[in-house]
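Report on the following structure.
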Amino acid sequence: MTSELDIEEFQRDLAALVPNLRAFARSIAGNPDHADDLVQETLVKAWKNRASFAPGSNLKAWLFTILRNAFLSERRKRKYEVADQDGELSAQIAVKPEQTSHMDMLDFQQAFNQLPQDQREALLLIGAEGFSYEDAALMCGCAVGTIKSRVNRARNRLVELLGLTAEAEEMLPSRRAAG
Amino acid sequence: MTAKCLNELEGSSTDADSKADATVPLEVQNQIGKQLREVYGKFLSEPLPDKFTVLLTKLAGDQKK
């Protein structure tokens, strides 16, 4: 039923989104090898289930949902084996020493890693990938308000961890409350 | 109702729970967004290992058979 052209197009579309899948996987899973395994699993699942993808709808959102589900179901299984969780994963995501010239970035990444997984994910989907709150809510299987709340919590925590508020206020010359 | 809306607009509230939920100033949001995209962009631009292309070619090949 699927024509060869469709297959080639689907293959091309998937290939184009591999960098995004890897970046998302790295951000939620931490360990690069683990992230790549998740991406491969996602590609295989996407291929098997491509009949359930509605052409013209958001392929990236669909793929991210598959990846996210794979990650969560894996973590649920693993929970019974080791109590690993975010501690180990966060340690692994930390950038190598050669990156230290980018102090802000390193600090930011460390702070980001301290956020709970659901907040990291929400902030990424909205702030880095540019998904709408509605799409992010669909992908995470929760209410739009929940996503908004997670994003706000993530931002507030980052403000706290990075001490952003004071700096930001200095950067605002026309802030009336300050004058 | 009005008070709640105001709190939301100003991003300020008294109790701790709403504080965590409060909207941060736009300037700070932009700052966070910029740094977030920098880190994410670094992941995005990492060189792609061949294994993904190989896998996709294999999946497409299996289909054509």
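Naming: A, B, ... by sequence-line order, numbering from 1 per chain. Note that these values count all heavy atoms, side chains included, but never hydrogens, waters or copies made by symmetry.
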Of the backbone (N, CA, C, O) and the side chain (C-beta and beyond), which part of [X] lies under 4.5 Å from a heavy atom of chain A, both, or neither?
| X | value |
| --- | --- |
| S45(B) | neither |
| L55(B) | side chain |
| K51(B) | both |

Check: With no hydrogens and no angle check, is any side-chain donor or acceptor of N156(A) less than 3.5 Å from a backbone partner on A22(B)?
Finding: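 Yes: the side chain of N156(A) pairs with the backbone of A22(B).
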Closest heavy-atom contact between [X] and [Y]?
| X | Y | value |
| --- | --- | --- |
| F24(A) | Y40(B) | N-OH, 3.5 Å |
| W62(A) | A46(A) | CH2-O, 3.5 Å |
| D21(B) | R153(A) | OD1-NE, 2.7 Å |

Chain B contact via [X] - side chain, backbone, both or neither, heavy atoms under 4.5 Å:
| X | result |
| --- | --- |
| R22(A) | side chain |
| V151(A) | neither |
| L43(A) | both |

Notebook entry, point to check: Does the side chain of F53(A) come within less than 4.5 Å of L63(A)'s, by heavy atoms?
Noted result: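 Result no, sub-4.5 Å side-chain heavy-atom pair not found.
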Note to self: Using side-chain heavy atoms (C-beta onward) and a distance below 4.5 Å, is P32(A) in contact with E46(B)?
What the structure shows: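 No, every pair of side-chain atoms sits at 4.5 Å or beyond.
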Check: For K34(B), which residues count as a side-chain hydrogen bond (donor to acceptor under 3.5 Å, both in side chains) partner, sequence neighbours excluded?
Finding: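 Checked K34(B) against side-chain hydrogen bond (donor to acceptor under 3.5 Å, both in side chains); zero matches.
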Next item on the list: Spell out the residues in residues 123-138 of chain A that have some non-hydrogen atom less than 4.5 Å away from a non-hydrogen atom of chain B, in order of number; otherwise answer 'none'.
Entry: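 Heavy-atom contacts from residues 123-138 of chain A to chain B are L123(A), L124(A), G127(A), A128(A), E129(A).
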Next item on the list: Could you grab the distance from atom CZ of R68(A) to atom CD of Q117(A), nearest 0.5 Å is fine?
Entry: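 Taking CZ in R68(A) and CD in Q117(A), the distance rounds to 6.5 Å.
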Item checked: Shared hydrophobic cluster for L161(A) and F108(A) (ILVMFWY, side-chain gaps under 4.5 Å) ->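 No, L161(A) and F108(A) fall in different hydrophobic clusters.
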